[in-house]
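Chain A is the first sequence line, chain B the second, and so forth, proteins listed ahead of strands; every chain is numbered from 1.
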Amino acid sequence: MTTTTTNSKRLIVIVGATGSGKTDLSIRLARHYHAPILSTDSRQLYKGMPIGTAQPTEEQLREAEHHFIACLDVEQEFNCGQFEQQALELLKRLFADHDTVVAVGGSGLYIRALCEGMDDLPTGDPEIRRSLSEKLQREGLAALCEELKQRDPRYYEQVDRSNPARVLRALEVCRQTGRPYSEQRTGERRSRDFRIIKIGTEMERATLYERINRRVDQMIDEGLEQETRALYPKKELNALQTVGYKELFGYLDGAWSREEAIELIKRNTRRYAKRQLTWFRRDPEIFWAAPDKTDKIIAYIDSCL
RNA sequence: GGUGCCAUAGCUCAGAUGGUAGAGCAAAGGACUGAAAAUCCUUGUGUCCGCGGUUCGAUUCCUCGUGGCACCA
């Protein structure tokens, strides 16, 4: 055989909206290919949030080897850069005794980090971030934009100047590195020493929304409120800026009734799903298929050489 | 059975002494490289219940239907 080892390994990447059947599909594929599962979900990473983030159940966890599920304390900061680095390290180990690994999750940025890599940019320094937040509070977004115009006129031209998060991050990098943000953003795609096959779980919008609504009711039945109460003291943490918890924190604070909170969770989950689809739709590498068409999906995967 | 009121966007409703209509919510489209389940931008989607009549012109006024609500029997 002349097969080179560089592309004998493959990563099957399952993407799609929340509630569209990714988890079940991932387990079927994992069993079919005797592959471990790597989660690409920015919230299922955390402990103490199994219901609200729809983590795989105990039973599902037994059906396949899972990684990056419930492995961080909610206090731990995490980001797409760390995810890229840790996921690649893990893959190296997994590929040592597996030809196939299944990645599954809905965090578009994390998936991009894994498949295409991130530029070599620093994680935000908390001090600088705090000082920028204060400036935003005191002087407004226009002041931040003004500073960006000075420090990085090129990025100033292209950035969404009504989005505080974007402007703030760019300034953070400028201040931290003393160099313009745009100069450090190459947008270059990193090469990977494994093949990547992307599968999207396709589902009619109306069906997806029904499933989402039903799943939220299920979460409530399973005890999402108790889960949220346990996390309430930590509600300011980034890990808990998450659909499901945010709305129930509001209920616990008296901002709205329990019923209203549940409706808000449904609406915000629908909106989240919509944003995910906007992200994934523009990726031409994704092979879209109904998640229950396992045979069709396997046939597609096997046809990818 | 009688009388009155109502019928406009997916929902709740506003509106024009007659010139084919607009708010909120829901929704749709998009952006997005270390907070990404985050953050942000854009967008009104309509046999104005139906058939006639008056009128240059009716979603608006009139008749008759149909459906809903209220009251009286």
Check: Does the ring centre of A/Phe83 sit less than 6.0 Å away from the ring centre of A/Phe68?
Finding: yes
Strictly under 3.5 Å: I want the nitrogen or oxygen pairs between protein and nucleotides 39-43 of chain B, one per line.
unit_1 : atom_1 : unit_2   : atom_2 : d
B/U39  : O2'    : A/Asn163 : OD1    : 2.2
B/U39  : O2     : A/Asn163 : ND2    : 2.8
B/C40  : O4'    : A/Asn163 : ND2    : 3.2
B/C40  : O2'    : A/Asp160 : OD2    : 2.8
B/C40  : O2'    : A/Ser162 : OG     : 3.3

Note to self: Any base atoms under 4.0 Å from A/Thr123, or only sugar-phosphate, or nothing? Heavy atoms, all strands.
What the structure shows: base
Margin query: Just N and O in the side chain of A/Arg271: are any of them under 4.0 Å from OP1 or OP2 of B/A27?
Written below: yes
Notebook entry, point to check: Just to confirm, is there a sub-4.0 Å distance from OP1 or OP2 of B/A35 to any side-chain nitrogen or oxygen of A/Arg129?
Noted result: yes
Note to self: At 4.0 Å (heavy atoms only), tell me whether A/Tyr155 reaches a base, stays on the sugar-phosphate, or touches nothing.
What the structure shows: nothing
Notebook entry, point to check: Are A/Arg275 and A/Trp279 in a cation-pi setup, meaning NZ or CZ lies under 6.0 angstrom from the ring centre and within 45 degrees of the ring axis?
Noted result: no
Item checked: Side-chain N or O of A/Arg169 closer than 4.0 Å to phosphate OP1/OP2 of B/C32 -> no
Checklist line | Contact under 4.0 Å: A/Tyr209 side-chain N or O vs B/A28 OP1/OP2 | finding: yes
Next item on the list: Check every strand shown and say whether A/Phe83 touches a base, only sugar-phosphate, or nothing at a heavy-atom separation below 4.0 Å.
Entry: nothing
Check: In Å and rounded to the nearest 0.5 Å, what is the CZ to OG1 distance from A/Arg112 to A/Thr40?
Finding: 13.5 Å
Notebook entry, point to check: If you draw the axis of the six-membered ring of A/Tyr33, does the NZ or CZ of A/Arg10 fall within 45° of it and under 6.0 Å from the ring centre?
Noted result: yes
Checklist line | Base-pairing assignment for B/A23 (Watson-Crick or G-U wobble, both under 3.5 Å) | finding: B/U12
Next item on the list: Find which nucleotide of RNA chain B each of A/Arg112 and A/Ala239 is nearest to by heavy atoms, and output the residue with the more 5' nucleotide.
Entry: A/Arg112
Next item on the list: Check whether any side-chain nitrogen or oxygen of A/Ser107 sits under 4.0 Å from OP1 or OP2 of B/A36, and answer yes or no.
Entry: no
Check: Which residue, A/Asn268 or A/Val173, contacts RNA chain B at a nucleotide closer to its 5' end, judged by nearest heavy atom?
Finding: A/Val173
Next item on the list: Remember a base hit wins even if backbone is also touched, and classify A/Thr269 as base, sugar-phosphate or nothing at under 4.0 Å, heavy atoms.
Entry: nothing
Note to self: Please determine whether the number of non-hydrogen atoms from other residues, nucleotides or ligands lying under 6.0 Å from atom NZ of A/Lys149 exceeds 12.
What the structure shows: no
Item checked: Salt bridge A/Arg267-A/Glu263, side-chain N to carboxylate O under 4.0 Å -> no
Next item on the list: Would you give the length of the straight line joining atom CZ of A/Phe194 to atom CG of A/Leu11, rounded to the nearest 0.5 angstrom?
Entry: 5.5 Å
